[in-house]
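Working notes for the structure below.
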Amino acid sequence: MRVRFCPSPTGTPHVGVMRAALFNWAYARHTGGKLVFRIEDTDAARDSQESMDAIVEGLAWLGIDYDEGPGVGGPHAPYRQSERRDLYADVARRLLAEGYAYESWSTPEEVEERHRAAGRDPKLGYDGFDRDLSAAQVQAFRDEGREPVLRVRMPDEDVEVDDLVRGRVVFPAGSVPDFVVVRANGQPLYTLVNPVDDAVMGITHVLRGEDLLSSTPRQVVLHRALVEMGLSQRVPQFGHLPLVLGEGNRKLSKRDPESDLFLHRERGLLPEGMVNYLALLGWSLAPDRDVFTREELVAAFDVRDIGANPARWDQKKAEAINGDHLRMLAPEVLLDRLLPHLRSAGLLDGDPTPTQRRLLEGAVPLVQTRMGVLSEGPGMLGFLLVADEDLVVEEDALGALRPEAADVLDASAAALVDLPEWDAAAVEAALRSAVVDGLGVKPKFAFGPLRTAVTGRRVSPPLFESLELLGRESSMLRIAALRRQLG
RNA sequence: GCCCUCAUCGUCUAGCGGCCCAGGACACCGCUCUUUCACAGCGGCAGCACGGGUUCGAAUCCCGUUGGGGGCACCA
């Protein structure tokens, strides 16, 4: 069992593409087969090294490892198509010599013109005009200075594909035009290079997006030729994964922000959550469970269980699944994952100081049930990391304060200033007696002003624990500051 | 236009002829817990696109209609 993942390095990693990688990976790991990683960089104009690096980084982030590929090597190296030109040129020559392909001289304009002249739809595609030219005609084109492309001859029978997720698919004879595999300038195209490498690399199962279903008959025809020429053992089995759709019911395109893997990482999706949600798009572990680990995915995965209908990307569900994974993390692991987000929010400069680390270790367990994505961390934890004088009290928190807020703050300050023990329980007891009992304010309203004073927000980690972590000095300063602000 | 494909709650899905007057999850709405927000728990809302067959029996099989998606490059 050999599967492959073969992106072209253009742009930033796309979630649909990474999902295809994930399914291939899961299938390989489930069956004990091999995952081959190959770079389809035959389009020099669009390919970039940055994109290549980004894909490698994305795979690593998701925990998708491969058995062969650039960087790790393997029996079929090199794994970058830009380094395999000789092979393709050789195969192209043989295809031509053995009659599977032919030289084609027509320009697209000429093809259209012929269709029009014959009263056919001009958008029908290539018409097979050059299939059986005489030597004289060929010479005439040569004399004009034309350079031919190489086209593969499609058979006159239907092409059948037994798709692993869709079953039997039949493409009627004549519905797929002869296709170009080598440009006039001699450059091989994806249409050649992809099947050739799959064949030569011994790929047994091709799992890819449904957008490639219509190109499958061409690849099957080419594969058959390769088998007949003795270059390949088999035509691989194909399985076409349902597309991932965006908001407007369209294929998730590179334009859509949800398609960008790294944007999700910045937003704070965990790789565990991402893997889980991606797998859920077209596959399910069990009728009554949709939160699962990478290991459970591998243990249960089978291509045959992939659904055939397109799936819409649902950010809310992705984040809900992510929240569950977030809660499954050990607190110290969550703390580590949070660090980059605290840095990019400007709350941390490099590694946390011992004091900051102590505060975070105390606070992370308190916020773990309060987050869906890591980028919520800075908002939740920021009050612990900023200096007292830099604490910004947010507008909505200020607006929610009721008239008795000043009294509450005064009573609280008085109760806390000489408190013998400074821990959550003692703080709570003191505040309850001073504010709830003393002032007769309902608990629901008693602690809002304090929360605002200390954290600057309406929503925060549990108040008494927060006060304990912050310490008496900071707490008193912040209460006094808000009290002054209230006049 | 041509070819391919898909069709169960708003969304992701379970269901592969009787176990289904359709199960789970997200979202949404209540309630409980509660110092806020969450988490957790409980409850609610909501679906087999339509029409024909086949069958004792259909969400499940077949045909058609409608609707959605994808593809039709000297891109990948």
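Proteins come first, then strands; the chains are lettered A, B, ... in the order of their sequence lines, and each starts at number 1. Quick caveat, the model's predicted, so the values are computed rather than measured.
- Look at the P atom in both B:U65 and B:G1: the space between them is 14 Å, to the nearest Å.
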Give every pair of a protein N or O atom and an N or O atom of nucleotides 33-35 of chain B that lie under 3.5 Å apart, one pair per line with the distance.
{"from": "B:U35", "atom 1": "OP1", "to": "A:R432", "atom 2": "NH2", "distance (Å)": "2.5"}
{"from": "B:U35", "atom 1": "O2", "to": "A:R451", "atom 2": "NH2", "distance (Å)": "2.4"}

Report each atom pair, protein N/O against N/O of nucleotides 41-46 of chain B, whose distance is under 3.5 angstrom.
none

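- Residue pairs that meet the salt bridge (charged side-chain N to carboxylate O under 4.0 Å, His left out) test with at least one member in residues 444-465 of chain A, sequence neighbours left out, are A:E394-A:R457.
- A distance of about 31 Å separates the C1' atoms of B:G41 and B:C48, rounded to the whole Å.
- B:G18 and B:A76: their P atoms are spaced 48 Å apart (whole Å).
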Quick one: side chains of residues 395-408 of chain A, donor-acceptor pairs under 3.5 Å with protein atoms, not counting sequence neighbours, listed by atom name and distance.
{"from": "A:R402", "atom 1": "NE", "to": "A:E404", "atom 2": "OE2", "distance (Å)": "3.2"}

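- Applying the 4.0 Å criterion to OP1 and OP2 of B:C12, one finds that A:N309 has every side-chain N and O outside that range.
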Quick one, give me the B/S/- string for nucleotides 70-76 of chain B, reading 5' to 3', where B means a protein heavy atom under 4.0 Å from the base and S means that only happens at the primed atoms, P, OP1 or OP2.
BS--BBB
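- Both A:F171 and A:L281 lie near RNA chain B, and the one whose nearest nucleotide falls closer to the 5' end is A:F171.
- Across B:G10 and B:C50, the matching P atoms stand 13 Å from one another, rounded to whole Å.
- The CH2 atom of A:W313 sits 15 Å away from the P atom of B:A27 (whole-angstrom rounding).
- For the C1' atoms, the distance linking B:U13 with B:U55 amounts to 29 Å, nearest Å.
- Rounded to a whole angstrom, the distance from the P atom of B:C62 to that of B:G30 is 44 Å.
- Rounded to whole Å, the separation between the C1' atoms of B:G24 and B:C61 comes to 26 Å.
- For residues 364-373 of chain A, there are no side chain to side chain donor-acceptor pair (under 3.5 Å) pairs, not counting sequence neighbours.
- Nucleotides B:C33 and B:G70 have their C1' atoms positioned 50 Å apart, rounded to a whole Å.
- A:L252 places its CG atom 14 Å from the P atom of B:G69, with the value rounded to the nearest Å.
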